[in-house]
Amino acid sequence: MFFGKMIALRTNEEIALLKENALLVSKTLAEVGKRIQPGITTLELDKLAETFIRDHGAEPAFLGYEGFPNSLCISVNDVVVHGIPSAYRLQEGDIVAIDCGTRYKGYYGDSAYTFAVGKISREAETLLSVTKDSLYKGIAQAIAGNRVGDISAAVQSHAEQFGYGVVREMVGHGIGRKMHEAPEVPNFGKRGRGKQLKEGMVICIEPMINEGTKKVYLDKDGWTLHTEDNKLSAHFELMVCIRKGHPEVLSTFEYIEKELRY
């Protein structure tokens with residue numbers, strides 16, 4: 001992925017367009033989440049998302065991106081990211097990370113959520129909870145005047161308290177007229193290091209946290225990234241606009257979690 005060097009500061013009009021994308025991605029994930037149950041194939045979920053996105057006047061941003069063949073990245077159990085939808089039928093006890101992107105009115109949206117398939121183990125529940133909490137810890141540091149390393153360190157320190165592995169190879173990123181823009185936002189690092197955060201920057205913060213080792217390997221398909229020890233991995237992602245004093249979170253898990261309560 002090419003991030004470039006220039007970090008864009010967005011106007012309020014641009015931020016509004018990015019938020020439209022962010023909310024559409026959030027609603028798409030909720031729509032997909034409603035259908036997640038044992039027996040459904042990951043390809044069925046992918047087609048559902050593509051239809052929902054197109055019905056709302058947008059394009060699936062991942063479809064064809066650098067050759068990726070589908071509209072969603074669907075990563076089950078030991079897959080960290082970039083799982084390719086297939087005929088695999090979800091099974092009771094699986095965890096499945098859904099990463100979704102849109103392109104609408106010249107701008108992009110990108111968000112991810114890891115779902116439980118039926119009843120999952122207590123260990124899996126803890127992994128999901130800690131990974132999501134690490135995301136929120138990172139977001140709390142996403143304010144003007146801080147540095148990227150403040151976000152990175154907050155994610156890393158929270159996850160590692162539980163003995164989890166923090167993936168190094170994949171990072172968060174800026175987003176705007178391109179899916180991946182500067183700056184890179186790693187999930188590990190030191191406070192006070194890295195690019196300074198300025199008002200109007202829009203970034204995606206996305207912890208990828210492994211139950212065991214931080215080490216990963218790439219599948220022969222050239223996309224699917226697995227944990228080296230075949231233990232579980234979780235992934236959560238939100239779009240955030242840097243503001244003075246507090247972050248403005250553009251995407252949301254509210255639509256998803258409202259559905260999960262029923």
Side-chain angles (χ1 to χ4, degrees), residues 25-26 28-38 40-46 48-49 60-62 65 68-86 88-102 109-118 120-121 123-136 138 155 159 164-167 169-173 179 187 204-212 214 216-219 221 223-239 251-253 255-257 259-260:
V25 170
S26 302
T28 305
L29 287 171
E31 194 68 19
V32 171
K34 287 194 296 189
R35 296 289 302 278
I36 289 177
Q37 60 185 357
I40 195 165
T41 71
T42 57
L43 193 57
E44 287 175 303
L45 296 176
D46 181 74
L48 180 97
F62 295 172
Y65 181 79
F68 189 76
N70 294 88
S71 298
L72 295 177
C73 295
I74 303 184
S75 304
V76 181
N77 294 334
D78 69 305
V79 176
V80 179
V81 283
H82 301 161
I84 297 174
S86 70
Y88 175 78
R89 294 189 181 277
L90 295 178
Q91 300 177 32
E92 183 89 13
D94 284 346
I95 63 171
V96 55
I98 309 287
D99 194 354
C100 178
T102 58
D110 187 11
S111 194
Y113 195 92
T114 303
F115 296 86
V117 183
I120 61 174
S121 69
E123 291 79 9
E125 285 182 350
T126 302
L127 176 65
L128 267 56
S129 176
V130 170
T131 304
K132 186 167 33 165
D133 286 346
S134 74
L135 168 60
Y136 289 130
V155 171
Y164 293 147
V166 179
V167 174
E169 286 77 3
M170 307 303 297
V171 297
H173 52 91
M179 172 64 69
N187 295 305
C204 292
I205 304 173
E206 50 177 319
M208 288 153 271
I209 307 299
N210 298 344
E211 184 181 23
K214 65 178 180 283
V216 298
Y217 71 92
L218 186 64
D219 195 284
D221 64 20
W223 284 101
T224 308
L225 204 67
H226 296 263
T227 59
E228 190 177 82
D229 57 10
N230 300 123
K231 291 187 176 181
L232 299 177
S233 185
H235 177 206
F236 290 87
E237 174 183 13
L238 287 169
M239 288 174 61
S251 51
T252 179
F253 295 150
Y255 302 122
I256 298 167
E257 292 173 352
E259 293 293 341
L260 294 179

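Below, all heavy atoms of this structure are taken into account, side chains as well, without hydrogens, waters or symmetry copies. This structure is a prediction, so every number in the text was calculated from the model and none was measured. For reference, positions follow the sequence shown, starting with 1.
Residues E259 and E31 fail the side-chain proximity criterion, which asks for heavy atoms closer than 4.5 Å. Side-chain contact between T227 and E211: absent, with no pair of heavy atoms (C-beta onward) separated by less than 4.5 Å. Between I209 and V166 there is a side-chain heavy-atom pair separated by less than 4.5 Å. Using a 4.5 Å heavy-atom cutoff, the side chains of H235 and V167 are not in contact. C204 is listed as a side-chain neighbour of M239, based on a closest heavy-atom distance under 4.5 Å. Side-chain contact between V81 and C73: absent, with no pair of heavy atoms (C-beta onward) separated by less than 4.5 Å. Using a 4.5 Å heavy-atom cutoff, the side chains of L45 and F115 are not in contact. Between R89 and T41, some side-chain heavy-atom pair lies under the 4.5 Å cut-off.
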(request) Run the numbers on I95 and L232 for side chain to side chain contact (heavy atoms under 4.5 Å, CB included), then give the verdict. (result) CA-CA 8 Å; I95 63 171; L232 299 177; 4.1 Å; yes
(message) Test side chain to side chain contact (heavy atoms under 4.5 Å, CB included) on S251 and V25; report intermediate values, then the result.
(response) CA-CA 7 Å; S251 51; V25 170; 5.9 Å; no
(request) Give the C-alpha distance, both sets of side-chain angles, the deciding distance and a yes or no for side chain to side chain contact (heavy atoms under 4.5 Å, CB included) between N70 and L43. (result) CA-CA 9 Å; N70 294 88; L43 193 57; 3.6 Å; yes
(message) Between E123 and K231, does the salt bridge (charged side-chain N to carboxylate O under 4.0 Å, His left out) criterion hold? Intermediate values first, please.
(response) CA-CA 11 Å; E123 291 79 9; K231 291 187 176 181; over 6 Å; no
(request) List the steps and the verdict of side chain to side chain contact (heavy atoms under 4.5 Å, CB included) for V32 and Y113. (result) CA-CA 11 Å; V32 171; Y113 195 92; over 6 Å; no
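Between the NZ atom in K34 and the CG atom in L260 there is a gap of 11.5 Å [rounded to 0.5 Å]. From N187, atom CG reaches atom CD1 of I205 across 9.0 Å, with rounding to the nearest 0.5 Å. A distance of 13.0 Å separates CD1 in I98 from CD in E237, rounded to the nearest 0.5 Å. Between the OH atom in Y136 and the CG atom in L238 there is a gap of 5.5 Å [rounded to 0.5 Å]. Atom-to-atom distance recorded for L225:CG and L218:CG is 6.0 Å, nearest 0.5 angstrom. The distance from atom OG of S111 to atom CD1 of I256, rounded to the nearest 0.5 Å, is 6.5 Å.
No donor-acceptor pair under 3.5 Å is formed between the side chain of S129 and the backbone N or O of T126. With D46 contributing its side chain and L72 its backbone, the two residues share a donor-acceptor pair below 3.5 Å. Not a single donor-acceptor pair under 3.5 Å links the side chain of S233 to the backbone N or O of V79.
Smallest separation of non-hydrogen atoms from M179 and G101: CE-CA, 4.3 Å. Listed here is the closest heavy atom pair of P207 and F236: CD-O, 3.2 Å. V171 approaches E206 most closely through the heavy-atom pair O-OE2, 3.5 Å. Across all their heavy atoms, L127 and N210 have their closest contact at CD1-C, 4.2 Å. Annotation for L90 and Q37: closest pair CB-O, 3.9 Å, computed over non-hydrogen atoms. When all heavy atoms of L128 and A234 are compared, the closest pair comes out as CD1-CB, 4.1 Å.
Within a 6.0 Å radius of NZ in K214, other residues, nucleotides and ligands contribute 12 heavy atoms or fewer.
Using cut-offs of 30° and 60° on the angle between ring planes, the pair H226 and Y217 is parallel.
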